[in-house]
K.L.:
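Mind looking over this structure? Questions follow.
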Amino acid sequence: MTEFLGDWKRTATCGELTASGAGSSQTLMGWVKSIRDHGGVIFADLRDRYGVTQVVFRPETLPGDQMEQARQLSFEYVVAVRGTVELRPDGMRNPDMHTGEVELLVAELKMLNRAEPLPFLPAEEPSASEELRLKHRYLDLRREACQKVFALRHGIYQSVRKCLSEEGFLEIETPILVRPTPEGARDFLVPSRVHRGKFFALPQSPQLYKQLLMVSGFDRYFQLARCLRDEDLRADRQPEHTQIDLEMSFCSEEDVFGVVERTFSAVFEENLGVRLPVPFPRLTYDEAMSRFGTDKPDLRIPVELADLTEASSTSGFSLLEEAVKAGGRVACLLVPLQLSRKDIGELETLAKAQGATALFWARSSGTDLEGGVSKSVGGALQKRLLELSQGPGTVLLTAGARAFEAAGAVRSGLGEKLRPGDSAFRFGWVKDFPVFSWSEEDSRWEPTHHMFSMPREEHLEFMEEDPARVRGRVYDLVCDGVELGSGSMRIHSPELQVRVMKVVGLSLEEARRRFGFLLEAMRFGAPPHGGIALGLDRIVMLMAGRDTIRDTIAFPKTTSASSLMDGSPCQADEKDLKELGIKLV
RNA sequence: GGGGUCGUAGUUCAGUCGGUUAGAACGCUGGCCUGUCACGCCAGAGGUCGCGAGUUCGAGUCUCGUCGGCCCCGCCA
């Protein structure tokens with residue numbers, strides 16, 4: 001049987017009663033976390049968002065019919081109890097509970113709702129598979145650990161809004177129904193009923209709109225923007241995610257960095273009590289690739305790559321010499337650890353996934369090389385390796401066109417073993433990204449970031465002849481090996497915009513057809529501007545110490561982009577399709 | 001699109017070399033218990049071994065396919 005609240009009012013949460021409240025009358029409401037029925041007296045732990053309080057049902061103080069009801073209670077029943085806060089007897093206090101000094105002696109019980117046996121209990125540690133927890137997401141979210149993540153997420157929203165407002169940014173919403181874009185990720189398409197046969201897209205980001213807001217003279221804009229992409233998922237990628245999107249006019253890259261650094265300082269200070277050292281270190285893309293083999297280095301790992309291409313060309317080791325002759329490079333990682341064959345095998349898998357043919361290794365004593373390829377390497381290479389190795393450890397080598405990427409993957413893979421246990425939150429800026437990268441698949445140059453990013457002025461002269469050399473005023477924010485955000489100074493000249501579009505294969509007509517509104521806006525007085533988009537879900541993930549952004553999204557999708565809870569996506573009704581003029585093929 | 005891994009009771013798992021009646025814990029049901037906090041004790045119910053083929057005298061176990069979860073590559077401006 002379930003009852004209505006009637007005139008009952010909650011007077012305290014389940015997390016706040018302590019010894020100082022002893023003697024007072026209180027009304028608590030919450031979920032039964034556990035029940036201990038001793039035949040006579042019954043103890044129950046009552047839980048809500050704020051905590052847990054023990055309530056006591058006694059035959060001496062509770063009417064018989066309600067005592068019977070108390071005996072029916074089970075996991076996750078929803079109840080309201082009125083009673084007196086009592087100090088627990090000596091020896092019965094629970095020091096592990098914030099409310100463990102007291103208990104509520106129940107004088108009146110109202111059973112607000114029953115709960116059938118649950119597929120799993122919302123315990124501290126997840127007791128069921130993620131699959132089952134996603135199916136009953138509302139139950140999983142009852143867990144304290146989950147609620148903490150969303151409280152943190154809420155706190156981050158507040159800090160961001162406060163900080164950016166103080167910096168003079170205006171929060172402005174941009175459309176959710178937008179023009180489909182041919183570039184970049186796959187769009188989610190939304191059919192228009194009014195315009196049969198025509199489609200909106202859901203925005204991959206507010207990119208064009210925020211640039212237009214700069215043309216409008218808003219000077220500083222931000223938005224906690226939902227971004228939607230119909231691409232394959234990963235632990236850190238969902239089809240819909242939230243970005244802290246911002247854009248500012250009359251600014252330099254350093255202005256953007258400053259705003260972001262101040263915002264992150266506030267976010268971390270206010271929500272974790274962590275003081276971030278600012279400014280964050282800046283490094284160029286080329287530097288990041290040569291030192292770390294990745295554009296999102298984990299700066300906590302105290303080991304960097306070495307370029308041994310030249311020393312390898314006369315190493316006497318034919319595999320390396322051939323790789324160098326073929327135009328490849330040789331990257332080296334000196335690890336101050338005695339890695340086992342098994343460790344090296346696992347690392348080799350990582351290197352191969354990045355295109356390396358092998359991961360060569362040898363043990364170093366500091367003065368000699370042994371094992372692995374130690375017999376094969378000679379000459380300058382052996383000398384260099386011994387120079388570089390500061391003491392006993394393992395030497396790892398990769399060769400080929402993507403030697404540095406492969407060694408970088410190995411370095412990241414070693415992260416757990418190499419970084420100090422207490423380190424976290426090492427931020428950094430990676431800047432001067434290449435503007436164009438060659439697509440083997442489409443045999444054309446495509447924008448590395450997006451085609452609205454400003455190339456470095458001094459590189460404009462060879463943009464058409466040698467696009468690969470062009471570096472842009474493009475930057476990423478990285479933290480602990482995670483890409484947290486990406487931005488750039490934008491092109492505000494229509495002529496330059498058309499030039500860039502041409503390099504990536506868009507004819508003038510095509511550019512006008514797809515981006516005419518942007519090119520037109522640029523002709524009517526677009527200010528120099530730039531900005532960044534920061535992945536909020538990843539920020540929450542990092543701050544909460546989770547491994548996947550699913551944990552930071554209230555109702556996430558599985559890796560096959562479906563929702564186990566509501567069964568979406570699902571087939572549409574024939575009637576709806578007809579009205580939209582859509583026929584399935 | 002590709003690779004890896006997992007799928008057995010409501011849940012988490014065990015299940016030997018392919019062998020006859022598939023187990024445990026928690027949960028559930030019934031009973032007992034007036035100071036527990038993972039309460040305790042007694043008894044009981046509960047299985048499409050993800051699904052479909054195949055091999056075999058015999059398949060939870062082997063093979064192939066398929067569906068689903070997770071991780072990775074491609075993809076993700």
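Numbers restart at 1 for each chain; the letters A, B, ... are given by sequence-line order, proteins then strands. The structure presented is a predicted model; accordingly, all values stated were derived computationally and were not measured.
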K.L.:
Taking atom C1' in both B:rC42 and B:rC62, compute the distance separating them and give it to the nearest angstrom.
P.N.:
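Here B:rC42 and B:rC62 have their C1' atoms 44 Å from each other.
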K.L.:
Does B:rU36 have OP1 or OP2 sitting under 4.0 Å from an N or O in the side chain of A:R36?
P.N.:
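Answer no for this pair, as no side-chain N or O of A:R36 is under 4.0 Å from OP1 or OP2.
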K.L.:
My understanding is that a pair needs two contacts under 3.5 Å, Watson-Crick or G-U wobble. By that rule, which nucleotide pairs with B:rG47?
P.N.:
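Answer to the pairing question: none, since B:rG47 forms no Watson-Crick or G-U pair.
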K.L.:
Atom CG of A:L132 to atom P of B:rC13: distance rounded to whole Å?
P.N.:
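My rounded result for the distance is 11 Å.
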K.L.:
Round to a whole Å and report the spacing from NE2 of A:H136 to P of B:rG27.
P.N.:
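Answer to the nearest Å: 19 Å.
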K.L.:
Counting Watson-Crick and G-U wobble pairs only, both distances under 3.5 Å, name the nucleotide matched with B:rG60, or none.
P.N.:
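Partner of B:rG60: none found under 3.5 Å.
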K.L.:
With both distances kept under 3.5 Å, what pairs with B:rC37, Watson-Crick or G-U wobble?
P.N.:
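Across all strands, not a single nucleotide pairs with B:rC37.
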K.L.:
List the atom of A:A12, the atom of A:L17, and the distance in Å for their closest heavy-atom pair.
P.N.:
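Smallest interatomic distance, heavy atoms only, reads CB-CD2, 4.0 Å.
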K.L.:
Taking pairing as Watson-Crick or G-U wobble with both contacts under 3.5 Å, can you name the mate of B:rC26, or confirm there isn't one?
P.N.:
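Pairing partner: B:rG10.
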K.L.:
Over how many whole Å does the gap from A:K296 atom NZ to B:rC76 atom C1' extend?
P.N.:
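It works out to 11 Å between those atoms.
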K.L.:
Below 3.5 Å is the cut-off: list the nitrogen or oxygen pairs between protein and nucleotides 29-33 of chain B, distance only.
P.N.:
{"from": "B:rC33", "atom 1": "N3", "to": "A:D37", "atom 2": "O", "distance (Å)": "3.0"}
{"from": "B:rC33", "atom 1": "N3", "to": "A:G39", "atom 2": "N", "distance (Å)": "3.4"}

K.L.:
Base, sugar-phosphate, or nothing for A:S453, non-hydrogen atoms under 4.0 angstrom?
P.N.:
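Result for A:S453 = nothing.
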K.L.:
Any Lys/Arg nitrogen of A:D37 or A:R71 sitting under 4.0 Å from an Asp/Glu carboxylate oxygen of the other?
P.N.:
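So A:D37 pairs with A:R71 through a salt bridge.
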K.L.:
Would you indicate what A:E446 reaches in the nucleic acid, counting non-hydrogen atoms under 4.0 angstrom: base, sugar-phosphate, or nothing?
P.N.:
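The residue A:E446 makes no contact with any strand.
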K.L.:
A:K33 NZ to B:rU36 P: how many Å, rounded?
P.N.:
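It works out to 18 Å between those atoms.
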K.L.:
Taking A:T53 for its side chain and A:C14 for its backbone only, find out whether a donor-acceptor pair lies under 3.5 Å.
P.N.:
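Yes, A:T53 side chain to A:C14 backbone: donor-acceptor pair under 3.5 Å.
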K.L.:
Using atom C1' in both nucleotides, what's the gap between B:rC72 and B:rC76 to the nearest angstrom?
P.N.:
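B:rC72 and B:rC76 have their C1' atoms separated by 14 Å.
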K.L.:
Whom does B:rU55 pair with, Watson-Crick or G-U wobble, provided both distances fall under 3.5 Å?
P.N.:
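With both distances under 3.5 Å required, B:rU55 matches none.
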K.L.:
Which nucleotide, in any strand shown, forms a Watson-Crick or G-U wobble pair with B:rC70, with both distances under 3.5 Å?
P.N.:
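In the structure as shown, B:rC70 has B:rG4 as its Watson-Crick or wobble partner.
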K.L.:
Given atom CD of A:E76 and atom C1' of B:rU11, what is their separation to the nearest angstrom?
P.N.:
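My rounded result for the distance is 15 Å.
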K.L.:
Measuring only the C1' atom in each nucleotide, how far is B:rG18 from B:rG46? A whole number of Å is fine.
P.N.:
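About 27 Å, rounded to a whole number of Å.
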K.L.:
Say we look at B:rG52 and B:rU61: how far apart would their P atoms be, to the nearest angstrom?
P.N.:
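Taking atom P in both B:rG52 and B:rU61, they lie 13 Å apart.
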K.L.:
Taking the same atom, C1', in B:rU55 and in B:rA9, what whole-Å distance lies between them?
P.N.:
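Per the computed distance, 29 Å lies between those C1' atoms.
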K.L.:
Would you mind checking if A:E76 and A:R47 are paired as a salt bridge, meaning a charged N to carboxylate O distance below 4.0 Å?
P.N.:
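A salt bridge links A:R47 with A:E76.
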K.L.:
Whether A:R471 and A:D432 form a salt bridge (side-chain N of Lys/Arg under 4.0 Å from carboxylate O of Asp/Glu) is what I want to check.
P.N.:
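Salt bridge: no.
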K.L.:
Encode nucleotides 67-73 of chain B as B, S and - characters from 5' to 3', where the letter depends on protein heavy atoms closer than 4.0 Å: B to the base, S only to sugar-phosphate, - to neither.
P.N.:
-SSBSSB
K.L.:
Between B:rU56 and B:rU63, how far apart are the two C1' atoms, rounded to whole Å?
P.N.:
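Per the computed distance, 12 Å lies between those C1' atoms.
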K.L.:
Figure out the CG/P separation between A:D140 and B:rU12, and round it to whole Å.
P.N.:
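From A:D140 CG to B:rU12 P: 12 Å.
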K.L.:
Nearest nucleotide by nearest heavy atom, which residue falls closer to the 5' end of RNA chain B, A:P119 or A:P89?
P.N.:
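Looking at RNA chain B, the more 5' nearest nucleotide goes with A:P119.
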K.L.:
Which part of the nucleic acid does A:E103 contact within heavy-atom distance under 4.0 Å: base, sugar-phosphate only, or nothing?
P.N.:
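Base contact.
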K.L.:
Across the strands shown, which category fits A:F43 at heavy-atom distances under 4.0 angstrom: base, sugar-phosphate, nothing?
P.N.:
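Base: the residue A:F43, judged by heavy atoms under 4.0 Å, touches a nucleobase.
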K.L.:
So what does A:M451 touch, heavy atoms closer than 4.0 Å: a base, only the sugar-phosphate, or nothing?
P.N.:
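Touches nothing.
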K.L.:
What I want to find out is whether A:R186 reaches A:D230 closely enough, with some N-O distance under 4.0 Å, to be called a salt bridge.
P.N.:
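Result for this pair is no, no salt bridge flagged.
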K.L.:
In whole Å, what separates the C1' atom of B:rU8 from that of B:rC13?
P.N.:
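Roughly 9 Å separates the two C1' atoms.
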K.L.:
Distance check, C1' atoms only: B:rC71 and B:rG30, in whole angstrom units.
P.N.:
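Nearest-Å result for B:rC71 against B:rG30 at atom C1': 45 Å.
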K.L.:
Determine the contact category for A:L121: base if any of its heavy atoms lies under 4.0 Å from a base atom, sugar-phosphate if only primed atoms, P, OP1 or OP2 are that close, otherwise nothing.
P.N.:
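Nothing, no nucleic acid heavy atom in range.
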K.L.:
Has A:S129 got a side-chain N or O lying under 4.0 Å from the OP1 or OP2 atom of B:rU12?
P.N.:
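For B:rU12, OP1/OP2 do have a side-chain N/O of A:S129 under 4.0 Å.
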K.L.:
Relative to the ring of A:F433, is the ring of A:Y285 parallel (under 30°), tilted (30 to 60°) or perpendicular (over 60°)?
P.N.:
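Geometry flag for A:F433 against A:Y285: tilted rings.
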K.L.:
Check for a donor-acceptor pair, side chain of A:R226 on one end and backbone N or O of A:E240 on the other, with a separation under 3.5 Å.
P.N.:
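Checking the backbone N and O of A:E240 against the side chain of A:R226, no donor-acceptor pair under 3.5 Å is found.
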K.L.:
Measure the distance from CZ on A:F57 to P on B:rU36 and round it to the nearest whole Å.
P.N.:
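Distance, rounded to whole Å: 18 Å.
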K.L.:
Of the options B:rU11, B:rC76, B:rC37, whose atoms approach the side-chain atoms of A:N94 most closely?
P.N.:
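Between B:rU11, B:rC76, B:rC37, the one nearest the side chain of A:N94 would be B:rC37.
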K.L.:
Does one side chain, of A:T13 or A:E16, offer a donor that lies under 3.5 Å from an acceptor on the other?
P.N.:
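There is such a pair (donor and acceptor under 3.5 Å, judged by atom type) between the side chains of A:T13 and A:E16.
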K.L.:
What is the distance, to the nearest angstrom, from the CG atom on A:D45 to the P atom on B:rC37?
P.N.:
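These atoms are roughly 11 Å apart.
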K.L.:
Answer yes or no: side-chain N or O of A:R88 and base N or O of B:rC37 forming a donor-acceptor pair under 3.5 Å.
P.N.:
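Answer is yes: a donor-acceptor pair is held.
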K.L.:
Would you please classify the geometry between the A:Y138 ring and the A:H136 ring as parallel, tilted or perpendicular, with 30° and 60° separating the classes?
P.N.:
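Correct class here is perpendicular.
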K.L.:
Look at the side chain of A:S488 and the backbone N and O of A:V474, then say whether any donor-acceptor pair between them is shorter than 3.5 Å.
P.N.:
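Pair absent, no side-chain N/O of A:S488 close to backbone of A:V474.
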K.L.:
What residues form a salt bridge (Lys or Arg N to Asp or Glu O under 4.0 Å) with A:E520, not counting sequence neighbours?
P.N.:
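Residues passing salt bridge (Lys or Arg N to Asp or Glu O under 4.0 Å) with A:E520: none at all.
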K.L.:
Which part of the nucleic acid, if any, lies within reach of A:F75 when heavy atoms closer than 4.0 Å are counted: base, sugar-phosphate only, or nothing?
P.N.:
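If one applies the 4.0 Å heavy-atom cut-off, A:F75 turns out to touch the sugar-phosphate alone, with no base involved.
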